[in-house]
K.L.:
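Can you keep this structure in mind? I'll have questions shortly.
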Amino acid sequence: LRTDRRLPVTGLVVALVPARAGSKGVPDKNIRPLGGRPLLAWSVAAATRASMIDRVIVSTDSAEYGEIGAAYGAEVPFLRPVELAADESLDIGFVLHAMRWFAGQGEDPDLIVHIRPTTPFRSPAVIDAAVTRFVDDGRATALRSVHEMSTTAYKSMEITADGVLRQLGSAGTDLDRANNPRQDFPTTYLANGYVDVLSAKFIRTTGLLHGDRVIPFVTPLALEVDTMEDFNLLEYHLERQPNLASLLFD
């Protein structure tokens, strides 16, 4: 275990970075260059620099992706089975697969820190703060990072079976209340993939990833990658904030 932790955590803290190779919207999305480095590298670099993380594991179904993760400091001790890397695969699958591998090594992580490659701009200090927040709570089943939505979800609409608009959560189809100022509605938040902290004990006991007492970890707006347009936006932010790269790679 690391000796430079700012707070005692008795067990092993593992950052798990999932990077499957089968992206269809943007082929090879997880290793596509961003700022001259593979997308995956940004998440690995942040996790390896977080003082609360003991080990950084890349879970991938691709030997090529694994080599890239290892080149930036991650461990790649196994390849994920292809059936756990399909479009419809759930996160619980690759997490349980990694936990079974650890069990086979005679190790049982205490915390799993889920670091998604598709949210590349992170501060290691923020990862540390999320782990600390989860440990300090004592009763949480998981922690998920979120940011405030620019427009409350209560102003969102759906289309009914009759083909008319209805305000989300409304029993009727009168839309006049949707024009009220956003201050009239509760603030809503969007999960952003910056950092999730999971209890390995809870997962082993219940077979669930998050459970029913998930505490929020509010971050500033976190940019995610899903399309080529998102890559262009991230490159724009890198040009305006070169410190984003120097924080992780210098």
Side-chain angles (χ1 to χ4, degrees), residues 18 20 22-27 29-30 32 34 39 43 83-96 112 114-122 126 129-130 133-134 137 139-199 202-203 206-237 240:
R20 71 185 187 94
S23 174
K24 292 182 173 62
V26 180
K29 175 175 63 178
N30 283 320
R32 187 175 184 86
L34 172 65
L39 182 67
S43 294
E83 62 269 22
L84 298 179
D87 289 342
E88 65 276 8
S89 297
L90 302 178
D91 289 346
I92 187 67
F94 75 78
V95 173
L96 286 173
I112 303 290
H114 186 181
I115 301 290
R116 294 172 176 83
T118 47
T119 306
F121 297 157
R122 292 181 180 87
V126 174
R133 167 88 170 88
F134 178 77
D137 181 271
R139 296 188 299 150
T141 55
L143 171 149
R144 295 199 71 179
S145 61
V146 297
H147 59 241
E148 183 177 338
M149 299 175 69
S150 57
T151 301
T152 176
Y154 288 92
K155 279 180 165 282
S156 300
M157 301 179 192
E158 58 185 347
I159 300 176
T160 69
D162 295 333
V164 298
L165 291 172
R166 175 171 60 199
Q167 190 175 358
L168 200 64
S170 175
T173 56
D174 184 345
L175 291 186
D176 289 287
R177 185 170 182 271
N179 295 325
N180 287 4
R182 62 181 176 83
Q183 291 84 357
D184 287 355
F185 299 93
T187 301
T188 55
Y189 298 84
L190 185 67
N192 58 26
Y194 194 114
V195 55
D196 293 352
V197 184
L198 311 173
S199 165
F202 177 81
I203 295 169
T206 67
L208 301 174
L209 200 61
H210 297 114
D212 60 359
R213 186 175 170 78
V214 183
I215 56 173
F217 184 76
V218 182
T219 71
L221 175 67
L223 299 174
E224 299 179 76
V225 174
D226 191 48
T227 66
M228 278 305 305
E229 288 74 16
D230 294 332
F231 272 96
N232 294 335
L233 177 60
L234 289 169
E235 292 284 4
Y236 171 76
H237 277 269
R240 294 176 61 88

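Worth saying up front: this structure is predicted, and the values here are computed from it rather than measured.
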K.L.:
Tell me if the CG atom of Asp87 is crowded by more than 12 foreign heavy atoms within 6.0 Å.
P.N.:
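Above 12, so yes.
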K.L.:
With sequence neighbours excluded, give me every side chain to side chain donor-acceptor pair (under 3.5 Å) pair touching residues 179-198.
P.N.:
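Side chain to side chain donor-acceptor pair (under 3.5 Å) check on residues 179-198 returns Arg116-Asp196, Arg144-Asp196, Ser145-Asn192, His147-Asn192, Asn192-Thr219.
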K.L.:
So which atom in Ser89 and which in Ala85 form the shortest heavy-atom distance, rounded to 0.1 Å?
P.N.:
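It is OG-N, 3.4 Å.
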K.L.:
Between the side chain of Ser43 and the main-chain N/O of Pro120, is any donor-acceptor distance below 3.5 Å?
P.N.:
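No; zero donor-acceptor contacts below 3.5 Å.
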K.L.:
Among residues two or more places apart or on two chains, list those pairs meeting side chain to side chain donor-acceptor pair (under 3.5 Å) that have a residue in residues 221-234.
P.N.:
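Qualifying pairs, neighbours excluded: Thr227-Glu229, Thr227-Asp230.
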K.L.:
To the closest 0.5 Å, what do you measure between CD1 (Ile215) and CG (Asp137)?
P.N.:
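If we round to the nearest 0.5 Å, Ile215:CD1 and Asp137:CG are 4.0 Å apart.
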K.L.:
Phe94: what forms a ring-ring contact (aromatic ring centres under 6.0 Å, His included) with it, not counting sequence neighbours?
P.N.:
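Checked Phe94 against ring-ring contact (aromatic ring centres under 6.0 Å, His included); matches are His114.
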K.L.:
Between CG of Asn30 and CG of Leu39, what distance do you get to the nearest 0.5 Å?
P.N.:
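If I round to the nearest 0.5 Å, the distance is 6.0 Å.
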K.L.:
Return the minimal non-hydrogen interatomic distance between Val195 and Ala130, and the atom names on each side.
P.N.:
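That would be CG1-CB, 3.7 Å.
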K.L.:
Considering non-hydrogen atoms only, spot the tightest contact between Phe134 and Ser199 and give its length.
P.N.:
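Taking every non-hydrogen atom into account, CZ-CB, 4.0 Å.
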K.L.:
Sequence neighbours excluded, which residues qualify as ring-ring contact (aromatic ring centres under 6.0 Å, His included) partners of Phe121?
P.N.:
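With sequence neighbours excluded, Phe121 shows a ring-ring contact (aromatic ring centres under 6.0 Å, His included) to Trp42, given in chain and number order.
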K.L.:
According to side-chain contact (heavy atoms from CB on, under 4.5 Å), who are the partners of Leu165, at least two apart in sequence or on a separate chain?
P.N.:
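Partners of Leu165 by the side-chain contact (heavy atoms from CB on, under 4.5 Å) criterion, ordered by chain and then number, come out as Met157, Ile159, Leu175.
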K.L.:
Decide yes or no for Arg122 and Ile115: does some side-chain heavy atom of the first lie under 4.5 Å from some side-chain heavy atom of the second?
P.N.:
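Answer yes - side chains close enough.
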K.L.:
Does OH belonging to Tyr154 count more than 12 external heavy atoms closer than 6.0 Å?
P.N.:
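Atom OH in Tyr154 is not crowded, with 12 or fewer foreign heavy atoms closer than 6.0 Å.
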K.L.:
Measure the CZ-CD distance between Arg177 and Gln167 for me, rounded to the nearest 0.5 Å.
P.N.:
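The CD atom of Gln167 is 6.0 Å from CZ of Arg177, to the nearest 0.5 Å.
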K.L.:
So, for His210 and Thr141, which heavy atoms are closest and what is the spacing to 0.1 Å?
P.N.:
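The answer is O-OG1, 2.6 Å.
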K.L.:
What I'd like to find out is whether the side chain of Val95 reaches to under 4.5 Å of the side chain of Ile203, using heavy atoms alone.
P.N.:
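Yes, at least one pair of side-chain atoms sits under 4.5 Å.
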K.L.:
Considering only residues two or more places apart or on different chains, which pairs with a residue in residues 151-172 satisfy salt bridge (charged side-chain N to carboxylate O under 4.0 Å, His left out)?
P.N.:
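Residue pairs passing salt bridge (charged side-chain N to carboxylate O under 4.0 Å, His left out), neighbours aside: Glu158-Arg166.
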K.L.:
For the atom pair CG (Leu209) and CD1 (Ile92), what is the distance rounded to the nearest 0.5 Å?
P.N.:
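Leu209 CG to Ile92 CD1: 4.5 Å, rounded to 0.5 Å.
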K.L.:
Just verifying a value: how many Å separate Leu96 CG and Leu90 CG, rounded to the nearest 0.5 Å?
P.N.:
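One finds 10.5 Å between CG of Leu96 and CG of Leu90.
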K.L.:
Starting from the C-alpha separation in whole Å, work towards a yes-or-no answer on side-chain contact (heavy atoms from CB on, under 4.5 Å) for Phe217 and Val197.
P.N.:
CA-CA 10 Å; Phe217 184 76; Val197 184; over 6 Å; no
K.L.:
Between Leu143 and Arg133, is there a side-chain heavy-atom distance shorter than 4.5 Å?
P.N.:
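Yes, their side chains come closer than 4.5 Å.
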